[in-house]
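Reading through the structure tokens given below for one structure.
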Amino acid sequence: GPVASTLVEHWNGTSWAVVASPTPGSGATLRGISCPSATDCYAVGAGSNGSPNYSFAEQWNGTSWAIVSTPNPASTTGAFLAGVTCPAPTTCFAVGDYTTNVGAYTLVEKYA
């Protein structure tokens, strides 16, 4: 079947262009992005190696995107990050949710 892949595009003032970005596991989606500088961006979403989904992030260093490790709560049956804000290049907050066998919960992560 179809596999979800990450998609990042860049606006140069005239047109959009696709920028290569990694897709972890067997599929992934990106849901939010924040760029505290022209050479430092963070994108967040969810990846999959089948089931469950897990949260993940990518970092732009001005040249290319690379996957950045994110924590997932214990006993998670699925997790994703939906938005991110970075008030400084070394500090970001990401939000989303995660599920367990008991229910669904909010998820907030800090990158520092």
Side-chain angles (χ1 to χ4, degrees):
V3 174
S5 296
T6 61
L7 173 63
V8 176
E9 296 188 11
H10 177 259
W11 176 257
N12 66 8
T14 305
S15 62
W16 288 97
V18 174
V19 178
S21 60
T23 297
S26 59
T29 59
L30 293 171
R31 300 286 185 203
I33 188 168
S34 182
C35 298
S37 75
T39 58
D40 198 20
C41 293
Y42 296 87
V44 298
S48 176
N49 278 325
S51 184
N53 287 344
Y54 55 88
S55 68
F56 87 99
E58 297 186 3
Q59 181 182 19
W60 173 257
N61 64 10
T63 304
S64 63
W65 287 95
I67 295 173
V68 177
S69 177
T70 60
N72 285 279
S75 302
T76 297
T77 59
F80 80 94
L81 295 171
V84 61
T85 185
C86 301
T90 58
T91 303
C92 295
F93 294 91
V95 296
D97 69 60
Y98 71 98
T99 56
T100 68
N101 291 330
V102 179
Y105 304 91
T106 58
L107 175 60
V108 179
E109 297 182 1
K110 180 182 179 185
Y111 175 80

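Hydrogens, waters and symmetry mates are skipped; everything else that's a heavy atom, side chains included, is used. Sequential numbering from 1 along the given sequence is applied to the chain's residues.
Side chain of Y42 to main chain of P89: a donor-acceptor pair is present (N/O by atom type, distance under 3.5 Å, no hydrogens or angles). Checked by atom type and distance alone, the side chain of N72 pairs as donor or acceptor with a backbone atom of S55 at under 3.5 Å. For the pair S48 (side chain) and S26 (backbone), a donor-acceptor distance under 3.5 Å is absent.
Hydrophobic clustering of Ile, Leu, Val, Met, Phe, Trp and Tyr side chains at less than 4.5 Å, counting indirect connections, unites I33 with L30. In the hydrophobic clustering of ILVMFWY residues, with side-chain heavy atoms under 4.5 Å counting as a link, F56 and V95 come out apart.
Put simply, the side chain of D97 reaches to within 4.5 Å of the side chain of F80, judged on heavy atoms. The shortest side-chain heavy-atom distance between L81 and L107 falls under the 4.5 Å cut-off. Counting only heavy atoms from C-beta outward, the side chains of N53 and Y98 never approach each other to under 4.5 Å. Between Y54 and T76, the closest side-chain pair of non-hydrogen atoms is not below 4.5 Å.
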Output, in order, the C-alpha distance, side-chain angles, deciding distance and verdict of side-chain contact (heavy atoms from CB on, under 4.5 Å) for W60 and V19. CA-CA 10 Å; W60 173 257; V19 178; 3.6 Å; yes

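Smallest separation of non-hydrogen atoms from G47 and A28: CA-CB, 3.9 Å. Closest non-hydrogen pair, T14 versus N12, comes out as N-OD1, 2.8 Å. Closest heavy-atom contact between V84 and C86: CG2-SG, 4.1 Å.
Contacts of T6 classified as side chain to side chain donor-acceptor pair (under 3.5 Å), with partners at least two apart in sequence or in another chain: S21, T23.
A disulfide is assigned to C41 and C35, since their SG atoms are nearer than 2.5 Å.
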